[in-house]
Structure formats: C-alpha cells, structure tokens
Peer 1: 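There's a structure below that I have some questions on.
Any value given below was found using the heavy atoms of this structure, including those in side chains, with hydrogens, waters and symmetry copies removed.
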Amino acid sequence: MTGRPPADAEPPLLIACALGIERLALRRGGRAGAAGEAGPRVVTLRTGMGPQAAERALTEALRAGSVTERSPVIASGFCAGLAPGMRPGDVVVAEATRGHHTAAPETPCRDNGPLLRALRERGLTVHSGLLCGSDHVVRGAERAELHAAGAVAVDMESAATLGAARAAGRRPVAAVRVVVDAPEHELVRIGTVRGGISAFRVLRSVLPVFHEWHRSLLLPWR
C-alpha cells in the first residue's frame, strides 16, 4: 500500500477482486490501453475468496489510506451466470448486490449507466440485474433457485465488497463481473478451459471502461 493521496487529488479508483488470475487480467488490461492515454490512478486490491475475506480486505484498504473517502469502488472478476442462455465471456453489471445471508440488505449500484453503455458499445453481451452473494460455489438446483428469486448472477465477494465500501462512506460503487460458469456451461463440464480463456480475455478488456466510468462521475460525489 502507498501513502495517503493529497486531499485535493483526484480520488483513486479502487478495483477489488478475489483471485490472482483476476488481478492479472485487470493489470494486463491496463497495459493494453492506448499508447499515451493517461487513466486515473487505480488501486487493484486482491481480497481473497469469500465474503468474509472480501469485507476484511476492503475495510483494511480503506483504513490504510491508499484511497480516499471519495474513491469509487468496483467489485470485479468472474461470476456464475444464472439465466438460461448465458455463456462464458458474457458481462454482468449489477443493478444491486445482495449478501448470502437470509434477508440480507441490498446495496444499490445507482451509477452503472455509463458502464452499461460503454460495455455494450464494445460489442460485449451484457446482462444487468441483481448480483447475489454466496459463501460457496453454486451449482444445479441452487443455481435455479437463485435465478427464480430474481438474481441474474452469483459470486462470493461483490456484495461484501460493496457493503463494506458503503459502510465506510458515501461513494459511487459498482460491480462488473464476467461469466465463467453458466447453466449450460458449468465448470465441471468439458469446455471449462475454453470458457475460462474467454472470460479472462473479456475481463482483460474492461479496464478502459472502468477508467471512463471514473471520469464520468461528478466528484466530489453528491
């Protein structure tokens, strides 16, 4: 972690992901940007897997001072799609996240319009809706139950990440996940490697969109 940014500096963008492979994709995406194009300062935080690890890592990062109380937070990485027809490489932009506990509160993502437009302009297949949290890998009947309850995708960290971000201060938050596992393309089936490669490539391509979203926000955030 670096020192605390100056008070008048542009708030850095904090991108939280669970896995090393996700952080690798996001960092390679930064190197793949247009030559000479300066993006915002980005802090890419690897939280570790699971909601408890995500909440703990995000809370510690915000307290450490490498980002400010105005820094936008994006939860990113891979997810499991829940709707029939979803495929590896599809993108999910959360309208809200909800934790894995019964009757867990939702965290709305009110600033996701620019993300949706920019991702679709890149020709990606984008889904929007409720991103549900879990503390384990979801398969089979449980996947169908979550979809029937209104969720379009599930992962283990986004809800905890955004909940911790909002608990620490009023700031823009978003969750953008790439589908690596879907009803007709479960991880246990043949083709997993191909699906994983597709998801990695898409995740690597989205960082410039995160930069655009950061620039589009009115800061200080109202």
Peer 1: Not counting sequence neighbours, which residues clear salt bridge (Lys or Arg N to Asp or Glu O under 4.0 Å) with Glu106? List them please.
Peer 2: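 Only Arg98 meet the salt bridge (Lys or Arg N to Asp or Glu O under 4.0 Å) criterion with Glu106.
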
Peer 1: Which atoms form the tightest heavy-atom contact between Leu58 and Ala16, and what is the distance?
Peer 2: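 Looking at all heavy atoms of both residues, the closest pair is CD2-CB, 4.4 Å.
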
Peer 1: Say whether, by atom type as modelled, one donor and one acceptor occur between the side chain of Ser128 and the main chain of Val93 under 3.5 angstrom.
Peer 2: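 A pair under 3.5 Å: yes.
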
Peer 1: For Ala174 and Leu162, which heavy atoms make the closest approach, and how far apart are they?
Peer 2: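 It is O-CD2, 3.5 Å.
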
Peer 1: Which residue pairs satisfy the salt bridge (charged side-chain N to carboxylate O under 4.0 Å, His left out) criterion with at least one member in residues 71-82, sequence neighbours excluded?
Peer 2: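 Residue pairs passing salt bridge (charged side-chain N to carboxylate O under 4.0 Å, His left out), neighbours aside: none found.
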
Peer 1: Taking the side chain as every heavy atom from C-beta outward, state whether Arg122 and Pro208 have any pair of such atoms under 4.5 Å apart.
Peer 2: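 The answer is yes; the side chains approach within 4.5 Å.
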
Peer 1: If you define the side chain from C-beta out and look only at heavy atoms, does anything of Val126 sit under 4.5 Å from Val92?
Peer 2: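 Not in contact.
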
Peer 1: Drop me the distance from Met86's CE to His127's NE2, to the nearest 0.5 angstrom.
Peer 2: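 Between Met86 CE and His127 NE2, I get 4.0 Å after rounding to 0.5 Å.
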
Peer 1: Throw together a table of side-chain donor-acceptor distances under 3.5 angstrom for residues 73-82, partners on residues two or more places apart or in other chains.
Peer 2:
| from | atom 1 | to | atom 2 | distance (Å) |
| --- | --- | --- | --- | --- |
| Ser76 | OG | Val176 | O | 2.9 |

Peer 1: Report the C-alpha separation of Leu115 and Phe210 in whole Å, then their side-chain angles, then the decisive distance to 0.1 Å, and conclude whether the side chain to side chain contact (heavy atoms under 4.5 Å, CB included) test is met.
Peer 2: CA-CA 7 Å; Leu115 289 168; Phe210 295 172; 4.0 Å; yes

Peer 1: Find the distance between CZ (Arg46) and CD1 (Ile21) and round it off to the nearest 0.5 Å.
Peer 2: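 These two atoms lie 10.0 Å from each other.
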
Peer 1: So, does Arg171 use its side chain to make a donor-acceptor pair with the main chain of Ala165 at under 3.5 Å?
Peer 2: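 It does hold such a pair.
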
Peer 1: Using atom types as modelled, flag every donor-acceptor pair under 3.5 Å from a side chain in residues 146-155 to any protein atom, sequence neighbours excluded.
Peer 2:
| from | atom 1 | to | atom 2 | distance (Å) |
| --- | --- | --- | --- | --- |
| His147 | ND1 | Ala151 | O | 3.1 |
| Asp155 | OD1 | Ser158 | OG | 3.0 |
| Asp155 | OD2 | Glu157 | N | 2.8 |
| Asp155 | OD2 | Ser158 | N | 2.8 |
| Asp155 | OD2 | Ser158 | OG | 3.2 |
| Asp155 | OD2 | Arg177 | NH2 | 3.3 |

Peer 1: What about Met156 and Leu26, same hydrophobic cluster or not, with Ile/Leu/Val/Met/Phe/Trp/Tyr joined at side-chain heavy-atom distances under 4.5 Å?
Peer 2: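 Met156 and Leu26: one cluster.
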
Peer 1: Going from NE2 on His100 to CD on Gln52, what distance comes out if it is rounded to the nearest 0.5 angstrom?
Peer 2: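 If we round to the nearest 0.5 Å, His100:NE2 and Gln52:CD are 5.0 Å apart.
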
Peer 1: Could you check whether Arg143 pairs with Asp181 (Lys NZ or Arg NE/NH1/NH2 to Asp/Glu carboxylate O, under 4.0 Å)?
Peer 2: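 Judged by the 4.0 Å cut-off on N to carboxylate O distance, Arg143 and Asp181 do form a salt bridge.
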
Peer 1: For Thr44, check side-chain hydrogen bond (donor to acceptor under 3.5 Å, both in side chains) against everything at least two apart and list the hits.
Peer 2: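 None.
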
Peer 1: Do the side chains of Glu95 and Leu130 get nearer than 4.5 Å, heavy atoms only?
Peer 2: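 No, side chains not in contact.
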
Peer 1: Please confirm whether the backbone N or O of Asp111 pairs with a side-chain atom of Trp213, one donor and one acceptor, at under 3.5 Å?
Peer 2: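 Yes; judged by distance alone, with no hydrogens or angles, the pair exists.
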
Peer 1: Does the side chain of Ile15 come within less than 4.5 Å of Val43's, by heavy atoms?
Peer 2: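 Val43 does not reach Ile15 side chain to side chain.
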
Peer 1: Give a yes or no on this: more than 12 heavy atoms of other residues, nucleotides or ligands lie within 6.0 Å of atom CZ of Arg120.
Peer 2: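 Above 12, so yes.
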
Peer 1: Could you work out, with side-chain hydrogen bond (donor to acceptor under 3.5 Å, both in side chains) as the rule, every residue matching Glu142, not counting sequence neighbours?
Peer 2: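 Result, side-chain hydrogen bond (donor to acceptor under 3.5 Å, both in side chains) vs Glu142: His136.
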
Peer 1: Any side-chain heavy atom of Asp90 within less than 4.5 Å of one from Val178?
Peer 2: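 SC-SC contact between Asp90 and Val178 ruled out.
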
Peer 1: Side-chain contact test, heavy atoms from C-beta onward, threshold under 4.5 Å: evaluate it for Val179 versus Val91 and give yes or no.
Peer 2: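 No, side chains not in contact.
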
Peer 1: Roughly how far, to the nearest 0.5 Å, is the CZ atom of Arg56 from the OG1 atom of Thr47?
Peer 2: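 Answer rounded to 0.5 Å: 9.5 Å.
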
Peer 1: Walk me through whether Leu203 and Glu22 qualify under side chain to side chain contact (heavy atoms under 4.5 Å, CB included).
Peer 2: CA-CA 8 Å; Leu203 185 60; Glu22 295 168 334; 4.1 Å; yes

Peer 1: Once rounded to the nearest 0.5 Å, what's the spacing between atom CG of Leu116 and atom SG of Cys109?
Peer 2: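 It comes to 10.5 Å.
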
Peer 1: For the atom pair OG1 (Thr161) and CZ (Arg166), what is the distance rounded to the nearest 0.5 Å?
Peer 2: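 Reported to 0.5 Å precision, the distance equals 13.5 Å.
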
Peer 1: Given Leu13 and Arg41, is the side chain to side chain contact (heavy atoms under 4.5 Å, CB included) satisfied, shown in steps?
Peer 2: CA-CA 6 Å; Leu13 173 64; Arg41 192 169 76 86; over 6 Å; no

